[in-house]
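FYI, side chains are in, hydrogens and waters are out, and symmetry mates aren't considered; it's all heavy atoms of this structure. Please read these numbers as outputs of a predicted model, since none were measured by experiment. As the structure lists them, so they are numbered: ligands from 1, and atoms in each ligand from 1.
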Amino acid sequence: MTVIAIDGPAAAGKGTLARALSRHYGLAYLDTGALYRAVALAVLDADADPDDGETLGDIALRLDLAYLDDPRLRAEATGAAASKISRHAAVRAALLDIQRDFAARPPAGKSGAVLDGRDIGTVICPGADVKLYVTASAKARAQRRAKDEADKGRTANLAAMIAEVEARDAQDMARTHAPLKPAEDAHLLDTTDLSIEAAFERAVAVIDGVLGRN
Ligand code: DC
């Protein structure tokens, strides 16, 4: 079983990279941020108190996976709400087994998995074969997000996006339970000045090196 852990801050391109790596190596892919986003939507719909960790933990335990297909899943407001509810230990505990089971027994008979999130290398899969910590400056991340919005025909305020990205970084890094940080044995990949293709090539070089494939 090969497990590749990819962590890093919001909008660093982890998802795009993780998906491409899972295809390249023929591994299953799990976007763990989507699980927290789904819980955030369930909390919103239940009109639950975002400070009541116990109730939020129960909602996470009973999570309706249909939320993963909810059209609101990718909205920035949902990401911000996910960041808020993910600070509760009960929410994190409720999602632990789903993530570990996926890594241990990937679907479709795959020989391993790529998981991306905030605490994959530190908490979920501390024994992962390869750990990458993908970062980029807040400005570069906000610019990419602004470009995505522009590509969809929507206008974007860059200054507001930089502020959003920085607020999410601060919240994810400062929490008590499983804060965002590189695992000690993670390989750092700063994509500030890299295209998606260049970031992918660097990641493959690191992974092949660790797995002894070159
Ligand atoms: O990667 P994302 O933007 O979809 O994640 C949304 C939020 O979910 C993120 O700001 C914090 C939380 N999250 C987490 O706490 N742990 C993870 N492994 C993944 C996401």
Side-chain angles (χ1 to χ4, degrees), residues 3-22 28-44 50 53 56-57 59-60 63 65 67-103 113-128 131-136 138 140-142 144-146 148-149 161-183 186 189 191 199:
V3 175
I4 301 177
I6 304 192
D7 291 301
K14 301 184 301 292
T16 307
L17 185 61
R19 210 180 288 276
L21 291 170
S22 70
Y29 168 57
L30 182 65
D31 169 4
T32 67
L35 296 173
Y36 288 91
R37 286 170 180 261
V39 173
L41 290 175
V43 167
L44 191 78
L56 268 47
I59 291 174
L63 180 65
L65 292 179
Y67 275 112
L68 292 171
D69 298 318
D70 192 294
R72 297 169 294 174
L73 195 78
R74 307 300 338 158
E76 173 50 28
T78 305
S83 175
K84 247 184 220 122
I85 56 104
S86 69
R87 73 184 193 279
H88 295 290
V91 171
R92 309 203 68 81
L95 298 179
L96 192 71
D97 286 349
I98 304 180
Q99 299 173 81
R100 287 206 177 139
D101 284 351
F102 189 95
V114 179
L115 285 79
D116 84 50
R118 302 291 187 288
D119 62 342
I120 308 304
T122 51
V123 175
I124 304 296
C125 302
K131 300 177 185 177
L132 294 181
Y133 190 84
V134 183
T135 57
R141 287 183 279 139
R144 288 177 199 159
R145 190 173 272 179
D148 285 349
E149 290 295 303
M161 285 192 168
I162 293 176
E164 275 170 11
V165 159
E166 286 177 339
R168 192 110 79 84
D169 287 358
Q171 189 155 265
D172 291 347
M173 289 173 177
R175 70 184 176 215
T176 311
H177 306 289
L180 169 64
K181 64 174 179 196
L189 182 58
T191 68

For ligand 1, which is the ligand I care about here, please tell me if [X] has any N or O atom under 3.5 Å from one of the ligand's N or O atoms.
| X | result |
| --- | --- |
| Arg168 | yes |
| Arg37 | yes |
| Asp172 | yes |

Checklist entry - Between Arg145 and Ala11, which heavy-atom pair has the shortest distance, and what is it? => result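 Looks like NH2-CB, 3.6 Å.
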
Checklist entry - Which ligand 1 atoms are under 4.0 Å away from a heavy-atom of Ser83? => result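 Checking each atom against Ser83, I get 7 (C), 10 (O), 11 (C).
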
Next on the checklist: Under 4.0 Å from a heavy atom of Ala82: which atoms of ligand 1 are those, numbered in the order shown and with their elements?
Outcome noted: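 Every atom of ligand 1 under 4.0 Å from some heavy atom of Ala82: 6 (C), 7 (C), 8 (O).
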
Considering only protein heavy atoms, which is closest to [atom], and at what distance to one decimal place?
| atom | result |
| --- | --- |
| atom 19 (C) of ligand 1 | Thr32 OG1, 3.4 Å |
| atom 17 (C) of ligand 1 | Arg118 N, 3.4 Å |
| atom 13 (N) of ligand 1 | Tyr36 CD1, 3.6 Å |
| atom 12 (C) of ligand 1 | Ser86 OG, 3.6 Å |

Next on the checklist: Contact between Asp116 and Tyr29 at the side-chain level, heavy atoms closer than 4.5 Å - yes or no?
Outcome noted: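 Asp116 reaches Tyr29 side chain to side chain.
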
Checklist entry - Between Thr78 (side chain) and Arg72 (backbone), is there a donor-acceptor pair under 3.5 Å? => result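 Checking the backbone N and O of Arg72 against the side chain of Thr78, a donor-acceptor pair under 3.5 Å is found.
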
Checklist entry - Above 12 or not: heavy atoms from other molecules or residues under 6.0 Å from CZ of Arg19? => result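 No, not enclosed.
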
Item to check | Carboxylate-amine/guanidinium contact Asp172 Arg118, below 4.0 Å | outcome: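 Between Arg118 and Asp172 there is a salt bridge, with a charged N closer than 4.0 Å to a carboxylate O.
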
Next on the checklist: One thing to verify: whether Arg74 and Asp148 come together as a salt bridge, which I'm taking to mean a side-chain N less than 4.0 angstrom from a carboxylate O.
Outcome noted: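 Between Arg74 and Asp148 there is no salt bridge, as every charged N stays at least 4.0 Å from the carboxylate O atoms.
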
Item to check | With sequence neighbours excluded, residues passing side-chain contact (heavy atoms from CB on, under 4.5 Å) with Thr135 | outcome: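 So Thr135 forms a side-chain contact (heavy atoms from CB on, under 4.5 Å) with Pro9, Tyr133, Asp190.
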
Next on the checklist: Contact between ligand 1 and Arg92 is defined here as a heavy atom of the residue under 4.0 Å from a ligand atom; is it met?
Outcome noted: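 Yes, Arg92 has a heavy atom closer than 4.0 Å to ligand 1.
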
Next on the checklist: Between Thr191 and Arg144, do the side chains contain a donor N or O and an acceptor N or O under 3.5 Å apart?
Outcome noted: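 Their side chains do contain a donor-acceptor pair, which is all the 3.5 Å distance test asks for.
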
Next on the checklist: Heavy-atom pairs closer than 4.0 Å: do any link ligand 1 to the side chain of Arg175, the backbone, both, or neither?
Outcome noted: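 Looking at Arg175 and ligand 1, just side chain atoms fall under 4.0 Å.
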
